[in-house]
Amino acid sequence: MLNYKIGYACSPISLQYRTSRSTILKNFTEEKFNECVNENLKDLKSILDWNIKNNIYFFRISSDIIPFGGHEVNNIKWWDTFKYELENIGNFINENDIRVSMHPGQYTVLNSTKESVVTKSILDLEYHCRFLDALKVDYTNKITLHLGGVYGDKPTAVKRFISGFNRLSPSLKKRLVLENDDKSYTIKDVIALCKILKIPAIFDNLHNKLNPCDLTLDEILSEVASTWTENDGAIKMHYSEQDANKKNGSHSKFVITKNFIEYLGQIHHLKVDIMLEVKDKELSALKCVNILNLHPSPSIKYSQWAKYKYSVMEKNYTNYKYCSKIVNSPNTMINIYEAIDQALLLPFSQGNFINTAEHVYGYVKKYTTMKEKEIFFNLLEEPLLNKDKIKLVLQRLCKKYGQNYINESYYFIY
DNA sequence: CACCGTCAAGTCGCA
DNA sequence: TGCGACTTGACGGTG
């Protein structure tokens with residue numbers, strides 16, 4: 001089971017680190033820019049640090065790490081200014097066998113019919129490449145891109161992509177990988193083009209569900225695998241699930257254990273690194289790492305349950321009691337996560353919400369002022385209407401009065 | 001300090 | 001032809 005590195009994208013939700021400090025274009029100055037980059041890089045290092053302490057060895061670096069990195073207003077040689085910091089981070093990545101990636105957004109379109117768009121897209125792609133090059137990380141560290149638009153004529157659009165690709169630097173050509181998208185280009189389209197360009201294909205399971213092709217999953221997997229060479233490193237895939245309450249394509253809040261295990265069963269014969277695309281970022285990454293760990297230390301069960309317990313209690317007290325029981329019996333981490341998932345997916349329950357809010361309030365009760373108490377209990381009169389506000393108030397109180405057991409739990413996240 | 005409009009950017013569907 | 005949706009967090013101006 002050590003086949004897999006599990007990763008998440010860009011912005012952890014439970015850590016105070018941010019790598020996307022920026023300005024609006026009209027306020028762009030060298031001084032402000034350097035300040036942002038300096039802080040962003042510091043936080044990137046802190047994130048990677050946290051990741052390896054939690055057995056997470058795969059991470060997508062945000063395109064925002066360098067503000068206006070590929071923009072024409074930016075003529076600052078940041079790779080010189082921050083040479084030391086960048087190499088320091090790169091060393092850390094290399095020494096710890098971390099894999100990183102980057103993923104330019106929907107506005108980077110290499111196959112546009114407009115030359116100005118293509119030019120800007122190349123600048124943006126070269127920026128991403130320059131960043132990874134500046135870290136001095138090898139060519140297993142990739143830049144993921146979608147094919148772009150169709151413009152009513154897919155074959156011609158694909159040909160334009162090839163022309164665009166031929167204009168890229170040698171280093172970028174070695175880093176670029178193509179991913180199927182949810183609307184236009186299926187994994188079959190991507191594989192066909194990847195074979196022509198001799199670059200790897202990234203398979204995204206949710207995009208494939210929304211934008212399917214006539215290949216079976218086994219055919220897809222073997223074709224995708226064939227696009228990855230020794231120099232590219234392990235196959236990379238994107239894993240996400242549909243948020244059942246939102247419209248097609250919306251990523252779920254968290255990885256559902258049962259679904260993830262089913263997915264693992266389908267790809268078990270391949271060596272794959274999995275980039276999770278879910279809202280709860282590093283928390284699901286940690287969850288998947290624990291799911292894959294056949295010999296977890298016993299303390300993991302307790303520490304994970306401690307984080308989730310109030311979120312479970314808030315949904316259903318019976319589920320809470322059940323989880324508490326199985327944590328203390330010879331159940332696996334997977335059994336526990338499945339029980340937690342089941343609870344988290346339940347709808348809002350007024351009685352359970354109030355009980356849990358009062359339970360958590362108990363932690364700060366003896367410190368709160370009269371006014372704080374009044375605000376809390378007033379809001380609690382209308383739980384459904386005020387649920388977000390109530391938790392915000394509790395979060396502030398727990399922070400103010402140093403209730404770290406609650407602060408470090410996921411109660412304010414799920 | 002809370003709130004909210006706007007943001008650098010491209011395609012596509014629809015009126 | 002032009003506009004909203006898509007999707008995203010955060011900047012920065014307002015009250």
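Throughout, a chain's letter reflects where its sequence line sits, starting with A, and its residues are numbered from 1.
- Note: A:His146 and A:Tyr185 fail the aromatic proximity criterion, with ring centroids not under 6.0 Å apart.
- For residues 375-396 of chain A, the salt bridge (charged side-chain N to carboxylate O under 4.0 Å, His left out) pairs, not counting sequence neighbours, are A:Glu314-A:Lys391.
- For A:Trp305 and A:Tyr337, the gap between ring centers reaches or exceeds 6.0 Å.
- The ring pair (Phe, Tyr, Trp, His ring centres under 6.0 Å) test applied to A:His71 returns A:Phe68, not counting sequence neighbours.
- Residues A:Tyr414 and A:Phe254 bring their aromatic ring centres within 6.0 Å.
- With a cut-off of 3.5 Å on both pairing distances, the Watson-Crick and G-U wobble pairs of DNA chain B assemble into stems of 3 or more at B:1-7 with C:9-15, B:10-15 with C:1-6.
- Spacing of C1' atoms, B:dT6 relative to C:dG4, comes out at 16 Å, to the nearest Å.
- Listed by first and then second residue, the salt bridge (charged side-chain N to carboxylate O under 4.0 Å, His left out) pairs involving residues 204-220 of chain A are A:Lys188-A:Asp214 (not counting sequence neighbours).
- A donor-acceptor contact shorter than 3.5 Å is absent between the side chain of A:His251 and the backbone of A:Lys279.
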TODO: Before giving the answer on side-chain hydrogen bond (donor to acceptor under 3.5 Å, both in side chains), spell out for A:Asp43 and A:Ser46 the whole-Å C-alpha distance, their side-chain angles and the decisive distance to 0.1 Å.
DONE: CA-CA 5 Å; A:Asp43 278 4; A:Ser46 301; 4.5 Å; no
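- The aromatic rings of A:Tyr263 and A:Tyr239 sit tilted, their planes meeting at an angle between 30° and 60°.
- A gap of 15 Å separates the P atoms of C:dC3 and B:dC7, to the nearest Å.
- Within the structure, salt bridge (charged side-chain N to carboxylate O under 4.0 Å, His left out) contacts touching residues 91-107 of chain A (residues at least two apart or in different chains) are A:Lys5-A:Asp97, A:Arg99-A:Asp273.
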Task: Nucleotide-resolved protein contact map, nucleotides 10-15 of chain B, B/S/- at heavy-atom distance under 4.0 Å - done: BSS---
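- Here the separation of C:dT7 from B:dC14, taken at their P atoms, is 16 Å to the nearest Å.
- Contacts of A:Phe92 classified as ring pair (Phe, Tyr, Trp, His ring centres under 6.0 Å), with partners at least two apart in sequence or in another chain: none.
- Ring geometry, A:Tyr308 versus A:Tyr410: the interplanar angle exceeds 60°, so the pair is classed perpendicular (tilted spans 30 to 60°).
- As rounded to the nearest Å, B:dG10 and C:dC11 have C1' atoms that lie 22 Å from one another.
- Among A:Val118, A:Asn166, A:Leu197, the one residue that satisfies the side chain to side chain contact (heavy atoms under 4.5 Å, CB included) test with A:Phe161 is A:Leu197.
- Looking at residues 23-42 of chain A, you'll see A:Thr23, A:Ile24, A:Asn27 sit with a heavy atom under 4.0 Å from some atom of DNA chain C.
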Would you be so kind as to tabulate the donor-acceptor pairs closer than 3.5 Å made by side chains of residues 133-140 of chain A, with sequence neighbours excluded?
residue  : atom : partner  : partner atom : Å
A:Asp133 : OD1  : A:Ser171 : OG           : 3.0
A:Asp133 : OD1  : A:Arg175 : NE           : 3.1
A:Asp133 : OD1  : A:Arg175 : NH2          : 2.8
A:Asp133 : OD2  : A:Ser171 : OG           : 2.9
A:Lys136 : NZ   : A:Glu87  : OE2          : 3.0
A:Asp138 : OD1  : A:Thr140 : N            : 2.9
A:Asp138 : OD1  : A:Thr140 : OG1          : 2.6
A:Asp138 : OD1  : A:Asn141 : ND2          : 3.1
A:Tyr139 : OH   : A:Ser171 : OG           : 3.0

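- Of the residues in residues 62-78 of chain A, A:Phe68, A:His71 come within less than 4.0 Å of DNA chain B through at least one heavy atom, sorted by number.
- One P atom belongs to C:dA5, the other to B:dG5, and the distance between them is 14 Å to the nearest Å.
- You can see that DNA chain C meets the heavy atoms of chain A within a 4.0 Å-exclusive cut from C:dC6 to C:dG12, reading 5' to 3'.
- Looking at residues two or more places apart in sequence or on another chain, you find a side chain to side chain contact (heavy atoms under 4.5 Å, CB included) between A:Lys365 and A:Tyr361.
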